[in-house]
Student: 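I'd like to ask some things about the structure below.
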Amino acid sequence: MRHLIGPLDFTLEETEQLLDLADAIAADPAAYQEAARHKKLATLFYEPSTRTRLSFEAAMLNLGGSVLGFSSADSSSAAKGESVADTIRVISCYADIAAMRHPKEGAPFRAARYSRIPVINAGDGGHQHPTQTLTDLMTIRRRKGRLGGLTIGLCGDLKFGRTVHSLMMALSRWEGIRFVLISPEELRVPDYIITETIAPRGIAYEEVRSLENAMPTLDILYMTRVQRERFFNEEDYIRLKDSYILTAEKMKLAKEDMAVLHPLPRVNEIALSVDGDPRAAYFEQAQNGVYVRMALIMTLLGLEK
Ligand code: NCD
């Protein structure tokens, strides 16, 4: 039995295969509408989420399966003090696969150890978010036709943004990747990402402050929201929240075929005037999230169309 807890759980080849399946689903969704018939997905969300939870639910429903679960810790037995280990043991009796979001780093990893069904990490604290990464990879591959040989700018809250951590780790396995890390000093990428993944693999990266200067070199610009809920005090958040705002004006500095990604929700970091630019890929990315989660559920459950 397999789980998806971290961005490196699937090899490069397995990831490409999963993305191939997601592309096939996108080309003909109707062909997959019975693939998970009689299967149940449990969504165990201890932290608020709209798109991740709903995209998991939509994915399972699109496959002809059904869904059950909870969408906040206070509506689950966690409020009574139940451990994640016990919860997953019980859920293993009710469902065939589970997606878990938890404010505590490592909670889905712990759940997987006690689970009899595949567990998917749907975001653990400021740590990792591997299914958003699959969504991001699918979007990059569809836009650029490849995952290697790209200069990827990541901009905003690189410290608390778990989608950034997972995406950098996942992409580090393709050849010719270059990262441009654009953030305020306080929101730099955590050291462990550099020392454990980026440096040992000899990947080119630079840390810069200016989005404008970086812009002309980028093939992909990955914008992120400043993660308010992970700040210790509100003043710091207010000071940093508008560090970077992508506008139509700044888009003029970018390559004609650059793609702008954002995991959403957007707050202020991309002006509405960018939405109509053909390089804006973030709503397409949300659509891809459903296809990729369909492919993931099929892969972990060993289902055929
Ligand atoms: C991201 C998350 O939850 O980390 N959202 C998402 O899953 N689409 C990004 C964010 O909340 O900023």
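Order of appearance sets the numbers: ligands from 1, and atoms from 1 within every ligand. We're numbering straight along the sequence, starting at 1. Computation of the quantities below employed the complete heavy-atom set of this structure, encompassing side-chain atoms and omitting hydrogens, waters and symmetry-equivalent molecules.
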Student: Is atom CD of Glu234 surrounded by more than 12 heavy atoms (other residues, nucleotides or ligands) closer than 6.0 Å?
Tutor: yes
Student: Look only at interatomic distance and state if Leu264 has a nitrogen or oxygen under 3.5 Å from any nitrogen or oxygen of ligand 1.
Tutor: yes
Student: May I ask you to check whether Tyr291 and Asn62 show a side-chain donor-acceptor distance below 3.5 Å?
Tutor: no
Student: Could you list the atoms of ligand 1 found under 4.0 angstrom from a heavy atom of Thr52?
Tutor: 6 (C), 7 (O), 8 (N)
Student: Is there a path from Val260 to Leu181 through hydrophobic residues (I, L, V, M, F, W, Y) whose side chains come within less than 4.5 Å of each other?
Tutor: no
Student: Among all the protein's non-hydrogen atoms, which is closest to atom 4 (O) of ligand 1, and how far away is it?
Tutor: Arg162 NE, 2.8 Å
Student: Hey, is Gly123 one of the residues with a heavy atom under 4.0 angstrom from ligand 1?
Tutor: no
Student: Report yes or no: do Asn288 and Glu284 form a side-chain donor-acceptor pair below 3.5 Å?
Tutor: no
Student: Just to confirm my output: which protein heavy-atom neighbour is closest to atom 11 (O) of ligand 1, and how far is it?
Tutor: Arg225 NH2, 2.8 Å
Student: Check whether more than 12 heavy atoms from other residues, nucleotides or ligands sit under 6.0 Å from atom NZ of Lys255, and answer yes or no.
Tutor: yes
Student: Would you mind finding which of His129, Gln227, Arg53, His262 brings a heavy atom closest to atom 12 (O) of ligand 1?
Tutor: Gln227
Student: Have a look at ligand 1 and work out which part of Arg101, if any, has a heavy atom under 4.0 Å from it: side chain, backbone, both or neither.
Tutor: side chain
Student: Just which atoms of ligand 1 are under 4.0 Å from any heavy atom in Gln132?
Tutor: 6 (C), 7 (O), 8 (N)
Student: Can you list the atoms of ligand 1 that are under 4.0 Å from a heavy atom of Pro265?
Tutor: 10 (C), 11 (O)
Student: Can you tell me if Ala286 contacts ligand 1 (heavy atom of the residue under 4.0 Å from the ligand)?
Tutor: no
Student: Any nitrogen or oxygen of Thr163, side chain or backbone, less than 3.5 Å from one on ligand 1?
Tutor: no
Student: Regarding Arg101 and the six-membered ring of Phe45, is the cationic atom NZ or CZ under 6.0 Å from the ring centre and inside 45° of its axis?
Tutor: no
Student: What orientation do Phe231 and Tyr237 show, parallel under 30°, tilted 30 to 60°, or perpendicular over 60°?
Tutor: perpendicular
Student: Indicate the ring-plane relationship of Phe70 and Tyr46, choosing parallel, tilted or perpendicular according to the 30° and 60° boundaries.
Tutor: perpendicular
